[in-house]
Visitor: 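Please read through the structure below; I'll follow up with questions.
Both ligands and their constituent atoms are indexed starting at 1 by order of listing. Index from 1, following the sequence.
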Amino acid sequence: FDDDSGAYLKVVTNDHVAYRYETLETLGRGSFGQVVRARDHKTGNIVALKIIRNRKRFHHQAAVEVKILDALRRKDPANDNNVVHMIDFFTFRNHLCIVFELLGINLYDLTKRNNFQGFNLQLIRKFAISILKCLKLLRREGIIHCDLKPENILLRSKGHSAIKVVDFGSSCYENQKVYTYIQSRFYRSPEVILGIPYGLPIDMFSLGCVVAELHTGYPLFPGENEVEQLNCIMEVNGVPPKHILDQATRRRVFFDSKGNPRSLTNSKGKRRVPGSRQLEAALKSDDKNFLDFVARCIEWDAERRMTPEEAMQHPWISERAVEARFRQPGDVTTRFSPTAGVPVVPPPAPSTK
Ligand code: ADP
Ligand code: MG
């Protein structure tokens with residue numbers, strides 16, 4: 001192995017990492033480094049190996065990821081809360097490496113494979129319940145995920161609709177926050193955008209965005225930049241209440257001295273007017289429970305947003321979960337159809353930080 005100038009570990013197929021993990025295929029690559037499918041020659045198992053770039057910033061971030069994953073596996077020894085299982089970690093040639101159980105495709109790629117047509121609400125409810133189970137555990141431990149989005153939710157390799165949450169590389173303890181500007185843009189909560197102290201509710205905001213996108217196949221709030229991002233939220237939610245704006249240290253970025261939103265025209269010539277987009281239209285659904293569930297995740301006021309425990313009791317989750325046993329196939333808007341291959345306009349590429 002030779003480190004290239006970008007401080008990535010150069011991985012060649014069938015090479016060995018730490019004289020133990022034979023690299024088979026790249027699963028993901030990003031600024032942090034890469035994730036490869038690998039065979040553990042000590043156990044014979046196939047695993048996912050996250051190899052972090054040999055750069056201080058990424059190394060530090062990954063060390064936090066290891067610390068949080070380690071705490072979570074101690075608190076959840078049976079690993080039944082849908083958090084990816086960290087098998088091991090080690091340093092090899094100055095690269096921090098994390099060994100994970102191998103999972104399947106991420107939900108962004110799954111949506112893409114479905115021509116961005118979205119999934120039926122029954123399947124999305126299953127995903128939501130699994131994510132909420134993870135968020136309940138995180139809440140008990142005081143951990144914020146900070147980067148909940150479809151790419152960080154993976155199908156289990158064998159399960160059909162079972163999923164796990166990955167990528168704790170931006171996570172933090174609620175009482176040990178380091179960064180003020182976090183989350184991927186489309187899923188970023190108003191308090192992070194506006195510069196208001198944030199906490200666990202930022203993950204619930206992201207969850208609302210995620211379930212909406214899984215249904216429509218398109219991000220709920222696809223801002224091209226942070227100003228448009230807040231405009232997207234205002235388009236659905238109206239302008240933020242005064243007590244929220246009063247706390248916003250970054251208010252001037254988004255509002256003029258009279259308190260009017262700075263409007264802008266995006267690359268498609270679209271100007272977003274606060275309050276002009278009904279949630280029903282945005283979600284392409286008339287299921288009242290689903291609309292209410294999303295509305296209660298994307299509240300401006302973090303204190304009014306549902307907690308994961310409350311969300312588990314929400315009618316969209318609880319009533320239907322019981323009712324589902326009596327449901328006939330086709331009762332729910334069935335939008336998942338792998339053969340309906342009419343390509344739609346592809347959504348914007350997933351936003352980076
Ligand atoms: P990053 O911090 O760069 O986003 P992630 O941990 O999210 O890193 O991993 C990047 C991608 O690699 C994921 O979106 C997923 O597609 C793939 N991946 C990550 N972990 C696993 C795993 N345990 N099994 C299979 N694929 C994985
Ligand atoms: Mg990720």
Visitor: Identify, for atom 17 (C) of ligand 1, the protein heavy atom at the shortest distance, and state residue, atom and that distance.
Guide: Leu27 O, 4.2 Å
Visitor: Indicate yes or no for a side-chain donor-acceptor contact from Lys177 to the backbone of Glu174 under 3.5 Å, with no hydrogens or angles considered.
Guide: yes
Visitor: Among protein heavy atoms, which sits nearest to atom 4 (O) of ligand 1, and what does the distance come to when rounded to 0.1 Å?
Guide: Asp167 OD2, 2.7 Å
Visitor: Of the protein's non-hydrogen atoms, which lies at the shortest distance from atom 14 (O) of ligand 1, and what is that distance?
Guide: Glu151 O, 2.9 Å
Visitor: Among protein heavy atoms, which lies nearest atom 22 (C) of ligand 1, and at what distance?
Guide: Ala48 CB, 3.5 Å
Visitor: Looking only at protein heavy atoms, which one is nearest to atom 11 (C) of ligand 1, and how far off is it?
Guide: Gly28 CA, 4.2 Å
Visitor: Considering non-hydrogen atoms only, spot the tightest contact between Pro222 and Glu228 and give its length.
Guide: O-OE1, 4.0 Å
Visitor: Please indicate how many protein N/O/S atoms are found closer than 2.8 Å to the Mg ion (ligand 2), with waters neither displayed nor included.
Guide: 2
Visitor: What atoms in ligand 1 come closer than 4.0 Å to a heavy atom of Phe100?
Guide: 23 (N)
Visitor: Please report the shortest heavy-atom distance between Phe119 and Ile124, naming the atom on each side.
Guide: O-CD1, 3.3 Å
Visitor: Between Arg251 and Asp246 (salt bridge meaning N to carboxylate O under 4.0 Å), is one present in this structure?
Guide: yes
Visitor: Which protein heavy atom lies closest to atom 8 (O) of ligand 1, and at what distance to 0.1 Å?
Guide: Lys50 NZ, 3.3 Å
Visitor: Which is it for Leu103 and ligand 1 at heavy atoms under 4.0 Å: side chain, backbone, both or neither?
Guide: both
Visitor: Closest non-hydrogen protein atom to atom 9 (O) of ligand 1, residue and atom name please, with distance?
Guide: Val35 CG2, 3.6 Å
Visitor: Heavy-atom distances under 4.0 Å decide this one: backbone, side chain, both or neither, for Asn152 against ligand 1?
Guide: side chain
Visitor: If the threshold is 4.0 Å, N to carboxylate O, is there a salt bridge linking Asp70 and Arg74?
Guide: yes
Visitor: Run the salt-bridge test on Glu299 and Arg305 with the 4.0 Å N-O cut-off and return the result as yes or no.
Guide: no
Visitor: Starting from atom 23 (N) of ligand 1, find the nearest protein heavy-atom neighbour and note its residue, name and distance.
Guide: Glu101 O, 2.9 Å
Visitor: What I want to find out is whether Asp76 reaches Arg73 closely enough, with some N-O distance under 4.0 Å, to be called a salt bridge.
Guide: no
Visitor: Enter the distance from Asn231:CG to Arg271:CZ here, rounded to the nearest 0.5 Å.
Guide: 9.5 Å
Visitor: Hey, are Arg250 and Glu226 close enough for a salt bridge, meaning a charged N less than 4.0 Å from a carboxylate O?
Guide: yes
Visitor: Salt bridge check: are Asp292 and Lys288 linked by an N-O gap of less than 4.0 Å?
Guide: no
Visitor: Heavy atoms only: which of Asn106, Leu154, Thr26 is nearest to atom 20 (N) of ligand 1?
Guide: Leu154
Visitor: Are any of the side-chain nitrogens in Glu65 or Lys50 under 4.0 Å away from the carboxylate oxygens of its partner?
Guide: yes
Visitor: Under 4.0 Å between a Lys/Arg side-chain N and an Asp/Glu carboxylate O for Glu224 and Lys268?
Guide: no
